[in-house]
Amino acid sequence: MTAAPAVSIKNLKIALPKGAERPYAVDGISIDLIPGEIVCVVGESGSGKSMCAHALMGLLPDTVSTETGEIAFNGGNLLKLDEDGWRDVRGRHIAMVFQEPMTALNPLMRIGDQMMEMFEAHNLLTPKERRAKALGLAREVGLPDPERIVRAYPHQLSGGQRQRAMIAMALALEPAVLVADEPTTALDVTTQAQILKLIRDLQRRRNMAVMFITHDFGVVADIADRVVVLRYGKVVEEGTAAEVLTRPQHDYTKALLAAVPSMHPPVRAPLEGREKAVEVIGLDKTYVTSGGWFKPDRSVRAANEVSFDILQGETLGLVGESGSGKSSVARLVMQLIKPDRGTVRLGDSDLTKLTGRALRIERHRIQMIFQDPFASLNPRRKVGNIISDGPIAHGTDAKVAMQRARELLGLVGLDAGAMERYPHEFSGGQRQRIGIARALALDPEIIVADEAVSALDVSVQAQVLALLEDLKARLGLSMLFITHDLRVAAQICDRIAVMQRGVIVELKPTAQLFASPEHPYTRELLAAVPGQSAPPQAA
Amino acid sequence: MLSFVAQRIVKGVVVLLAIVVMNFFLIRLAPGDPAVVMAGEAGASDPQFVQQLREKFSLDKPLPEQLLSYVKGIVTLDLGFSFRQQMPVSKLISERIGATLLLTLTAFAISLVLGIFFGTLAARFAGSWGDSAITAAALVFYATPIFWLALMAILLFSVYLGWLPSFGYDTVGANYTGLAYVGDVALHLIMPAMTIGLFFMATYTRMTRASMLEVKRLDFVKTARAKGLRDNVIQRRHVLRNALLPVVTLAGVHAGTLIGGAVITETVYAWPGIGRLMYEALLQRDYNLLLGVFVVCSAMVLIFNLITDLVYRLVDPRIEFAS
Amino acid sequence: MKAFWKSMLRHPGGVIGLVILFITIFIAIFGPTIFPTSPWRMVQRPFLPPFTNPAVLLGTDALGRDVFAGIIYGARVSLLVGMVSTLVALIVGVPLGATAGYFGGRVDDALMRFTEFFQTIPSFPLAIVLVAILQPSIYSIVASIGIVSWPPVARLVRAEVLSLRTREYVQAAIVTGQSNSWIIWREILPNALSPVIVLASLMVATAILLESSLSFLGLGDPNMISWGYMVGAGRTVIRQAWWITVFPGVAILLAVLAMNLVGEGLNDALNPRLAKGSR
Amino acid sequence: MLKHFLLGLALTSSLCTAALAQEPKMGGTINAVIQPEPPGLMLALVQNGPTQMVSGNIYEGLLRYSKKLEPLPGLAESWTVSPDAKTYTFKLKPGVTWHDGKPFTSADVLFSVETLRVTHARARGNLVQVDKVEAPDDLTVVFTLKQPFGPFLGIFEVGSMPMIPKHIYEGSDIKTNAANNAPIGTGPFMFKEWKKGSFIQLVKNPNYHIKGKPYIDSIYWQIIPDAAARSVAYETGKVDVLPGGSIENFDVPRVSKLPNTCVTGEGWEFFSPLAWMWLNNRQGPTANKLVRQAIMYAIDREFARDVIWNGLGKVATGPSASTIKYYTDDVRKYPYDPAKAKALLKEAGYKGEKIRMMPLPYGETWLRWAEAIKQNLNDVGITIETVATDVPGYNQKIGEWDFDISYSYLYQYGDPALGVGRNYVSSQIVKGQQFNNVEGYSNPEIDQLFADGAVATPDSKRKEIYDKAQKILVEDVPVAWMLELQFPTIMNCKVKNLITTGIGVNDGFRDAWIDK
């Protein structure tokens, strides 16, 4: 176990530019990366974990500067290297995989060429040998049809394939150290599981030291040998995965772990005999892109005969991966897009039959909470206006609406002073609360929450979920809860519908779904959720 | 790809017809007509004379009838007859368009090559004095009225230094042949091409610089650095290529409009191109000729737009040949 | 707002641009009150070189008129033409682009064909023809420059609206029952403003250049003195009286330069993506 | 400075004259400027200035005119007038051939006269008094008039009556004949090439009917649209001749002073361009004679001549230029007198009503002039609004009388019956035209005087009539006469003998030669 570290970061201090919220992005961190071991660096956004990764590659932005510390590698100090020295290290000795595989690949170059650049950068091999190597790498990371893939451009690949290509590239020169910066965050859960397995396998096979940056404790549980927990640029806890996950010492770690939703659904009060709040019958929506004159049109079926209902006071979860059509269904229900066929019935009125003014009036009965707390609030309107605009549009007196907005802010846990401020002055979680207040301002019967907590850090996510549960109960709301995260769904939903390629493949009470999934896709999804296996034992 | 081109051509023809119709009426809204102008120039204008001219130009017929016969002509690629010059419009334009294309395309090539070069240089050394100098020079050229620049250039290079001829397409009466002729034309071409070119060069310099700085921040550049690639390889292969996409788009828009836009340069340097022809036709209310120039210039715009799109599609694999 | 000025002032070019611009605007507004000599008045012998007589600091033109007075009075016309024609372009382009972008589909198709149509006709020749049709006057010049410069505005606004339309806060506004026009004016356009402001500042510069080019071709308003007119009028005597063209030429250059600098400053200040990045 | 310049001008002109004594040398090429580019070169069809200037080398008329406007032989060797002044007999020069080798005969003259009556508006007017034209033999042409017509011998100049080849045009549509693109005449130079937008090349006619002429091998007419570029072209030696009006007036003094440069104001005697302001006699303040007189007093015409026209030309005293027949200066004088102008305006009851002024859109000189006059008029309290337009707009607005004040300069063709009366007699108030009585002045006495003057004999009688007409007109100020214009021809001094007649450059480069 006591192999010499491949790299060791010693007392690293990275200064932020003047005027930032804290003086140091990374404040005296020391981490050893040992061959054959995966170190997970965990933290919430702004913890400085990404800075660490970039420091290791000598890729820090110009605005920050390393103040003190050492990165010991091969008997030298990486921080002392000049640009030429760094170039020699990068790729060859330390390689990196980034979070967003789409933007991390040059869109104008073929995948194979980008792989071959790895060798070219270090003047290795002949062009012909490089090509052969690239093909071999594509095969090794499990890319299907490698001959075709190396000639393809990034946009022609799926997200998972792109990340595989990135990994292939990183491994090309058999580096001693691999830095992976949230490599699976942008991926679907089933793909994430595959990529995690791939990294794990490769690391084992090549005996690499891996620094794995993530915010997700599920992932940590699946992949980590050792864990380093960061907060505000400092290490709060460090230890083997087993130790940290099962016996966290520091309060922060404990809180983080506690905030991770469990895979075991809680027991929920039965809802039989209640009236239907919403009835969705046979929704169909096909997106057609014109193919030009001589080519057939391309069409994507976003919703295919989607039917469900939500009882009063019930939360229905709609779960699926990206492209499954779950967001389209949310927008169809909200009448943000018109279905080709089908009905959305609220009590006695059929929303799909309404248009123009009549629809606008009826809209107050069903409101929506959006995914992105940064994009869902108009940056140029004050929070008070954002909340009161809706009621005013429905004829409420402006003063009354403002007063109500103040109350609602209180209800979602913000003080009334927020009325006069602009959205950018709030944190992500606070914004999401404002979004909830806006939805509640119209006294809706139903709330549609589209990935309402997906963009939030895990601790904030827990708080917002709790708030939603509380409000729902207090106000007697029904909810359509759209998420990709089965853990979240497990905690909040009464029933769950699983969507795949526009079709609801399975719809069951939550506990039943988790206990005995029937559809193969449901099973696949459940199996892919990270962090279900016991934490790996220290070797 | 063929279907894409076919589709664009059909669309272009529709646009052209619309342009013909609009301009046909627009031009006739201007006060005065060619008969009045010619009578004025002849120093005599009895009604009989003006009436003769009107009949000769078919201006006495109702407008829709005139339009119909013009459109019929256009369909068979006949641009009509120039009232004033007593010649088919297509002949007049074809005599001139070569000069315009030579001028504008040279200017275009110079501006694009130099603009990208300087823009790249400025972006490479962003923040240095060299960058500031290039940026400042680009701004100044961008802000200089083109006719002023032209006059100053003539004064400097023709009058004071005597290096370059101040007007014309070639040395009249010199009867050069072969390479000597090419050299002669090239000598005449330098000033007008540079005058137009400097403005656009300034545009491309600024655009390339801004675009490169933007691309520099993108993730894949970080990837390239993480590979250990040399900086100039990164700049060339990753940054520049991506940064050029918006420049290509802009350049495509320019290439077309340049052709009709060289009025002033052609006037100052007596370059026998169609920009000048257009302006003269306007001043003489030579309707058919003016319309003809508009149609040809618009067609050029469409052709260059198409070429740009094709180039764009070649450079950027993300765009497929569908509309 | 404070943050905006802060980032604007961080940009040295932008500061220079603002200073020149404010001086120009000041001259345009108050110049004629401070220097009451009409620029058309023949005050001295023709072709008096500059800096020889303090009463006519920048010399006189071919008729003995004060070049300095011309620069002062010309500021008003040049700026007016620049700004009003940009306003015209915005008045046409913004609603058109917004409508196309917001409603999409056939409306978008039709409006964009219309825009493309105007973009296909070479703009400078079109401007010349329009001025010739309407006969040269300040109104026809402003109108023609406006008419040839709106398509880029429409395209920009459309692109912005197209991307903003799918923003969640716009969807939130729909969901809360707002009307289309309310959404366009209150939710979308204010957020599409920054690139439009940047474009507009550059368009003012282009319009000043266009006006000067039209004046050069003799298509200026004969009742108003503008810098372009002065350059055009002085070009025939450029050899014996450089100052008649050089001073107004420099004035155009400075004004256009200022607008460009301000435009770049605005771009950096209003575009957080650039402002954040390292330069 | 101005005086110095004028002196220099006189000096260089005399130097040119001195050169006449030298023996002409053969060969060489002249580069001259032509502006604007002519629409065509077929003189019978197109008569604008540039066409006349180029085609004056290709075509010829029966007569030419000296600088004193005496007729000189052209294609006609000699001519006689019958005692009743109704029959004119021309003897044609024998041995004259067209550029294609066919002989020139009286049949060509007859054909030309008939053709021009259809296609040439001014010729049509000039020929109104002609009863018949006959050709008793190949070399004789006889014109018989309906009544005596004083100016008749003045209408045979090449621009007014060019001779065109019958064998080429007979039986064809003259407008579309292919020969129009390569015109064939009898002149000293033949058409060679026209590169549109660049140049027109003429070459020596080796079979010209005067042996030994022309001296020059080739002429290039260079087309350079920008005035400043034209003067640069001269300055850099790319062109040798700048015909009158090809560079802006303001540039003339500087260019004239360039080394080896000769300037002459001669060669415009036949045309005698006279500039005036149209004053609309029908409506508005300018309908009042007192206002019109006030305008005459208000404008500083000396300033215009000295500053805008660089001292070239003369302040006009009335409707006739001093170079044409029967001119008199025994008329009311209008010196620059703003005070008197103000008094007259007060008397007329003018209260600052807005008057629209439309400048002549012929380039910077005219715009500057309009600006200066606007300032003059402002100074005496007249409110002027300038209306801008381009050439076609100007033509139309003038023709439709849509102006208060505008400008023009018209040729007078040597005789008041040809170039003066048309602007003042009431029969010439016809809408849609630009060279007639546009101002709308109507005075039966004047009508009668001009009617009598055209047909009166002898000369002394005509003079009496025209003296009276001039007196009345100057009192009434139907238009505000400004300057007798002079368009100086500027050339490299190596070009000799360029201008030998009263028609100047338009008469061709027949006698010109280059000193090497």
Side-chain angles (χ1 to χ4, degrees), chain B residues 11-12 14-16 18-19 22-23 26-31 126-127 132 135-136 139-140 142-149 151-152 154-155 159 199 206 210 213-214 216-217 253 256-264 267-268 275 278-279 282-283 285 290 293-294 297-302 305, chain C residues 12-13 17 113-114 116-126 128-135 152 202 205-206 208-213 215-218 227-228 231-232 234-235 238-239 242 245-246 248-250 252-261 264 267 273-274 276-279:
Chain B
K11 274 187 189 163
V14 174
V15 170
L16 274 186
I19 286 172
M22 187 188 92
N23 282 299
L26 204 59
I27 291 167
R28 279 166 173 75
L29 285 177
S132 307
T135 312
L139 261 171
V140 168
Y142 192 76
T144 311
I146 213 164
F147 51 88
W148 199 70
L149 193 65
L151 290 174
M152 295 297 157
I154 289 180
L155 284 189
V159 178
F199 174 82
R206 298 174 64 192
L213 289 179
E214 195 143 323
K216 246 183 182 169
R217 278 190 287 271
V253 173
T257 49
L258 254 176
I259 289 165
V263 182
I264 287 181
T267 302
V268 176
M278 181 303 299
Y279 185 55
L282 171 71
L283 288 186
R285 301 291 188 269
L290 185 54
V293 176
F294 262 92
C297 288
S298 304
M300 286 290 168
V301 174
L302 290 169
N305 285 354
Chain C
R113 285 294 96 71
F114 183 68
E116 268 167 33
F117 168 76
F118 267 90
Q119 276 198 314
T120 306
I121 308 175
S123 61
F124 187 54
L126 182 61
I128 295 176
V129 169
L130 287 173
V131 175
I133 290 167
L134 302 169
Q135 298 292 281
L202 299 179
T206 316
I208 293 175
L209 283 179
L210 256 178
E211 190 271 339
S212 73
S213 291
S215 272
F216 177 83
L217 290 176
W227 294 336
V231 177
R235 77 187 195 278
I238 196 167
R239 303 299 308 285
W242 54 269
T245 43
V246 166
V250 169
I252 294 175
L253 197 150
L254 281 180
V256 173
L257 197 65
M259 289 309 307
N260 273 295
L261 288 171
E264 284 200 345
N267 194 33
R273 196 160 42 126
L274 279 176
K276 254 190 264 162
S278 52
R279 282 194 75 103

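What you see below is based on every heavy atom in this structure, not just the backbone, and it leaves out hydrogens, waters and symmetry mates. In the text below, chain A, chain B and the rest are named by the order of the sequence lines, each starting its count at 1. Not measured: the values here are computed from a predicted model.
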**Fill in**
Checked Val256(C), Ile133(C), Asn260(C) vs chain B; the most non-hydrogen pairs under 4.5 Å come from Ile133(C)
**Item:** With Phe294(B) via ring-ring contact (aromatic ring centres under 6.0 Å, His included) - residues at least two apart
**Value:** none
**Fill in**
If you tally heavy-atom pairs under 4.5 Å between each of Leu254(C), Leu217(C), Val250(C) and chain B, the highest tally belongs to Leu217(C)
**Request:** Could you tell me which residues satisfy side chain to side chain contact (heavy atoms under 4.5 Å, CB included) with Thr267(B), sequence neighbours excluded, listed by chain and number?
**Result:** Val263(B), Arg276(B), Pro225(D), Asp226(D)
**Prompt:** Taking C-beta and beyond as the side chain, do Trp148(B) and Ile252(C) meet within less than 4.5 Å on heavy atoms?
**Reply:** no
**Prompt:** Given the options Leu282(B), Leu290(B), Thr135(B), which has more heavy-atom pairs under 4.5 Å with chain C than any of the others?
**Reply:** Leu282(B)
**Request:** Tell me, for Ala132(C) versus chain B, whether the close heavy atoms (under 4.5 Å) come from the side chain, the backbone, both or neither.
**Result:** both
**Complete:** Closest non-hydrogen atoms of Thr120(C) and Leu302(B), given as atom of the first, atom of the second and distance, are CG2-CG, 3.6 Å
**Part of Val159(B) lying under 4.5 Å from any heavy atom of chain C** = side chain
**Request:** Determine the minimum heavy-atom distance between Ile128(C) and Met278(B), stating which atoms define it.
**Result:** CD1-CE, 4.1 Å
**Request:** Could you tell me which portion of Asn305(B) (side chain, backbone, both or neither) has an atom closer than 4.5 angstrom to a non-hydrogen atom of chain C?
**Result:** neither
**Prompt:** What is the distance from atom CZ of Phe124(C) to atom CD1 of Ile146(B), rounded to the nearest 0.5 Å?
**Reply:** 9.0 Å
**Request:** Name the region of Arg28(B), side chain, backbone, both or neither, that has any atom closer than 4.5 Å to a heavy atom of chain C.
**Result:** neither
**Message:** With heavy-atom distances below 4.5 Å as the criterion, would you say the side chains of Val129(C) and Asn23(B) are in contact?
**Reply:** no
**Message:** Quick check: do Val15(B) and Arg113(C) have side-chain heavy atoms less than 4.5 Å from each other?
**Reply:** no
**Prompt:** Looking at Leu134(C), Leu210(C), Leu126(C), which has the largest count of heavy-atom pairs under 4.5 Å with chain B?
**Reply:** Leu126(C)
**Item:** Toward chain B, the part of Gln135(C) with a non-hydrogen atom under 4.5 Å
**Value:** side chain
**Prompt:** What pair of heavy atoms forms the shortest contact from Ile121(C) to Ser298(B), and how long is it?
**Reply:** CA-OG, 3.9 Å
**Complete:** Applying a strict 4.5 Å limit to non-hydrogen atoms, the region of Tyr142(B) in contact with chain C is both
**Residue pair Leu26(B) / Leu130(C), side-chain heavy-atom distance below 4.5 Å** = yes
**Asked** For Met300(B), is it the side chain, the backbone, both or neither that has a heavy atom under 4.5 Å from a heavy atom of chain C?
**Response** neither
**Message:** Check this for me, if you would: do Glu264(C) and Arg206(B) make a salt bridge, where the nitrogen-to-carboxylate-oxygen distance has to be below 4.0 angstrom?
**Reply:** yes
**Prompt:** Heavy-atom distance under 4.5 Å to chain C: side chain of Ile19(B), backbone, both or neither?
**Reply:** both
